[in-house]
Undergrad: 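Quick one: the structure is below, and I'll ask about it shortly.
From a predicted model like this one, the values you see are computed outputs, not experimental measurements. Starting from 1, each residue takes its place in the sequence as its number.
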Amino acid sequence: MSVTAPVQTKKASLSVVAMYNYDHMGARAIHSAAKAAGYPTDLIFFKNMNFSEQVTDCTDKEIDCAIGVLADRKPDIVGISLCYSTFFDATVRLSKAIHERLGIPVLWGGVHPTLVPRGSIEHCDYMCVGEGEDLTNEILERLTERKPIETLPGLWIRNGGDPNIGATRDWIDDLDRLPFPDYDDADKFVIEDDCVTEGDPMNGKQFNYAINASRGCPFPCTFCSEPSLKGLGETRQGYTRRRGVQNVIDELSFARDRCPEMKRVTFYDNVFVLNKEWAEEFATKYKENIGLPFNCLFHPKVVKPEIVKILCEGGLDFIDIGIQSGSERIRKGLFRRPETNAEITKAMHVMHDNGMAPFTDLIVDNPYNTTEDHQETLDLLLSFPRPFQLYIYSMIWFPQTGFTNQALSDGKIKPEDVEDVRKKVFEQFQSDFAWRGRTPEEVFWICLFSMSAKVFVPKGLLRWLSKSSYLMKQPRPLIWMTKLCNWMRLVALAIKRIRTGEFSFAAVRKYLKYALTVNR
């Protein structure tokens with residue numbers, strides 16, 4: 001008796017497009033989840049955003065390149081991950097070209113469409129609001145089975161007039177069940193400089209491995225998108241979630257086996273660790289199994305001596321903390337950051353006492369700042385133990401953040417200043433001297449802030465310079481002084497990297513760019 005073999009259903013296929021980020025964790029997570037579930041999946045990196053270089057808008061040729069790749073791969077659906085609002089127009093152009101030239105349905109996801117859903121759904125067929133690993137796989141499952149997808153939670157569907165809005169989907173509570181990102185070359189494509197390159201742009205270049213040990217953030221900073229995202233879950237709880245220590249170690253072991261050139265690990269969690277027990281387990285296992293230097297992000301409120309000491313014993317060699325402003329009026333009243341200047345200074349001392357030179361973040365070009373606010377910021381920076389390093393960022397007005405909405409209401413900015421329209425990142429993100437969008441007084445204070453982090457610049461000199469009404473109006477001498485200090489700092493940094501074995505020609509190129517900025 002013969003047996004008829006069951007008909008094998010062809011699984012739906014997906015192409016994921018990562019907009020302007022070769023290390024796009026969201027797009028990589030979607031790609032890995034679909035691939036692990038057995039769906040044919042491609043990953044296309046559409047240009048890159050390198051903060052040490054000028055970001056460029058996409059060209060018509062690059063759109064053609066993307067269409068060529070998709071025409072060859074013939075996916076059933078294209079998923080585009082749009083995190084930075086700066087690239088909204090580029091994503092619209094690409095989506096329109098896919099519709100008109102290929103007729104393939106387009107699914108948008110990422111921070112921007114999640115926060116601006118009604119302004120996004122008109123440019124795509126489907127839209128994921130919130131985290132997308134489970135939703136994307138459910139879409140592929142239903143497409144495979146030829147079942148409708150309209151009822152899936154978290155999915156918006158364009159329907160002529162008002163979109164069909166799916167029920168809210170809660171956040172993924174068990175992060176350990178998600179597959180690790182892969183950096184293999186198979187089914188990966190890069191579109192940059194008007195051409196297509198096959199392979200993963202980070203394969204063989206994982207000198208510094210990027211990873212998240214958690215998702216979410218417990219703090220309500222108004223200039224950030226995280227507080228707006230926090231309220232989107234079905235229960236509005238469980239937004240801040242942490243992976244198990246062993247799961248993190250397993251990923252790093254997996255990565256190191258495939259990336260023998262790894263020299264460092266960077267944790268991009270908004271706040272790396274809040275729990276002492278987790279820190280103890282992590283430090284022990286990390287030192288035993290990985291043994292590479294690592295760095296992470298902290299909030300000044302949670303820089304605790306006992307936790308920092310534990311992590312340093314495990315391999316931590318520097319922490320990046322956000323100061324954002326030295327003015328408590330700005331920080332508490334507008335940014336909703338609860339820490340005092342005394343607490344920030346204490347956090348800096350904790351890191352310094354553990355042998356670290358902290359990295360600190362500062363936001364400038366804030367229209368609410370006064371001369372008194374700038375002076376308070378300089379005084380705070382001069383209270384820090386040296387050495388420390390300073391990243392100076394220009395204020396970017398991302399859509400639907402609390403601070404953007406307040407500035408619009410107060411008339412400090414106009415709707416065209418919001419980033420999905422303004423696209424300021426193309427001109428200015430990490431502050432440099434070429435940008436003409438700030439006043440001489442703002443340049444004056446930025447120069448002083450930058451030099452405050454340099455060990456070889458006397459603090460008394462900076463206090464004296466801060467009183468100069470002439471330089472406040474004519475800051476060019478300060479600009480040249482700041483550039484000279486940056487070059488001196490870069491030479492010292494290069495010597496340090498040679499000694500630690502972290503020196504490379506790629507790093508030289510990157511850090512030379514910083515000499516033209518007020519950073520470093």
Undergrad: Can you tell whether the side chains of R337 and E339 come within less than 4.0 Å, N to carboxylate O?
TA: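 Judged by the 4.0 Å cut-off on N to carboxylate O distance, R337 and E339 do form a salt bridge.
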Undergrad: Any chance you could lay out the side chain to side chain contact (heavy atoms under 4.5 Å, CB included) test for R243 and L178, step after step, and finish with the verdict?
TA: CA-CA 10 Å; R243 295 166 62 182; L178 299 176; over 6 Å; no
Undergrad: If I take atom OH from residue Y183 and atom CE from residue M202, how far apart are they, to the nearest 0.5 angstrom?
TA: 6.5 Å
Undergrad: Can you see which heavy atom on R329 is nearest to which on Y368, and at what distance?
TA: NH2-O, 2.8 Å
Undergrad: Could you check whether atom CZ of R336 has more than 12 heavy atoms from other residues, nucleotides or ligands sitting under 6.0 Å from it?
TA: no
Undergrad: Could you tell me which non-hydrogen atom of P440 sits nearest to which non-hydrogen atom of P475, and how far apart they are?
TA: O-CG, 3.6 Å
Undergrad: Parallel, tilted or perpendicular: which one describes the rings of F254 and F180, with boundaries at 30° and 60°?
TA: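 Ring orientation, 0 to 90° scale: tilted.
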Undergrad: Okay, side chain of S228, backbone of Q400: is any donor-acceptor separation there less than 3.5 Å?
TA: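 Here the side-chain-to-backbone pair exists.
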Undergrad: Before giving the answer on side chain to side chain contact (heavy atoms under 4.5 Å, CB included), spell out for T401 and C224 the whole-Å C-alpha distance, their side-chain angles and the decisive distance to 0.1 Å.
TA: CA-CA 6 Å; T401 66; C224 179; over 6 Å; no
Undergrad: Given F294, which of F282, Y268, F318 fulfils the ring-ring contact (aromatic ring centres under 6.0 Å, His included) condition?
TA: F282
Undergrad: Is the shortest side-chain N to carboxylate O distance from K424 to E419 below 4.0 Å?
TA: no
Undergrad: Heavy-atom distance under 4.5 Å between the side chains of I319 and C296, does that happen here?
TA: yes
Undergrad: May I ask you to check whether Y84 and F429 place their ring centres under 6.0 Å from each other?
TA: no
Undergrad: Determine whether the aromatic ring centres of residues W480 and F433 are separated by less than 6.0 angstrom.
TA: no
Undergrad: With the side chain counted from C-beta on, respond yes when T222 and L334 share a heavy-atom pair under 4.5 Å apart, and no when they do not.
TA: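 Counting from C-beta outward, T222 and L334 never come under 4.5 Å.
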Undergrad: Donor-acceptor pair, N212 side chain versus R215 backbone, under 3.5 Å?
TA: no
Undergrad: Between the side chains of E343 and R331, is the shortest nitrogen-to-carboxylate-oxygen separation below 4.0 Å, so that they form an ion pair?
TA: no
Undergrad: Over 60° means perpendicular and under 30° means parallel, so tell me whether F359 and Y391 are parallel, tilted or perpendicular.
TA: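 Rings of F359 and Y391: tilted, as their planes differ by 30° to 60°.
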Undergrad: Could you check whether E313 pairs with K287 (Lys NZ or Arg NE/NH1/NH2 to Asp/Glu carboxylate O, under 4.0 Å)?
TA: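 Judged by the 4.0 Å cut-off on N to carboxylate O distance, E313 and K287 do not form a salt bridge.
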Undergrad: Between R241 and E131, is there a salt bridge with N-O shorter than 4.0 Å?
TA: yes
Undergrad: I'd like to know if R264 pairs up with D317 as an ion pair, taking the criterion as any Lys NZ or Arg NE/NH1/NH2 lying under 4.0 Å from an Asp or Glu carboxylate oxygen.
TA: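 A salt bridge is present here (some side-chain N lies under 4.0 Å from a carboxylate O).
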Undergrad: Determine, for W278 and R242, whether the Lys NZ or Arg CZ falls below 6.0 Å from the six-membered ring centre while staying within 45 degrees of the axis.
TA: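 Positive - R242 is close enough to the ring of W278 and near enough to its axis.
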Undergrad: What are the two closest non-hydrogen atoms of T345 and S383, and how far apart are they?
TA: OG1-OG, 3.2 Å
Undergrad: For F87 and F426, I'd like to know if the aromatic rings sit close, meaning centre-to-centre distance below 6.0 Å.
TA: yes
Undergrad: Can you tell me how the ring of W108 sits relative to the ring of F88, calling it parallel under 30°, perpendicular over 60° and tilted otherwise?
TA: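 If you compare the ring of W108 with that of F88, the planes turn out perpendicular.
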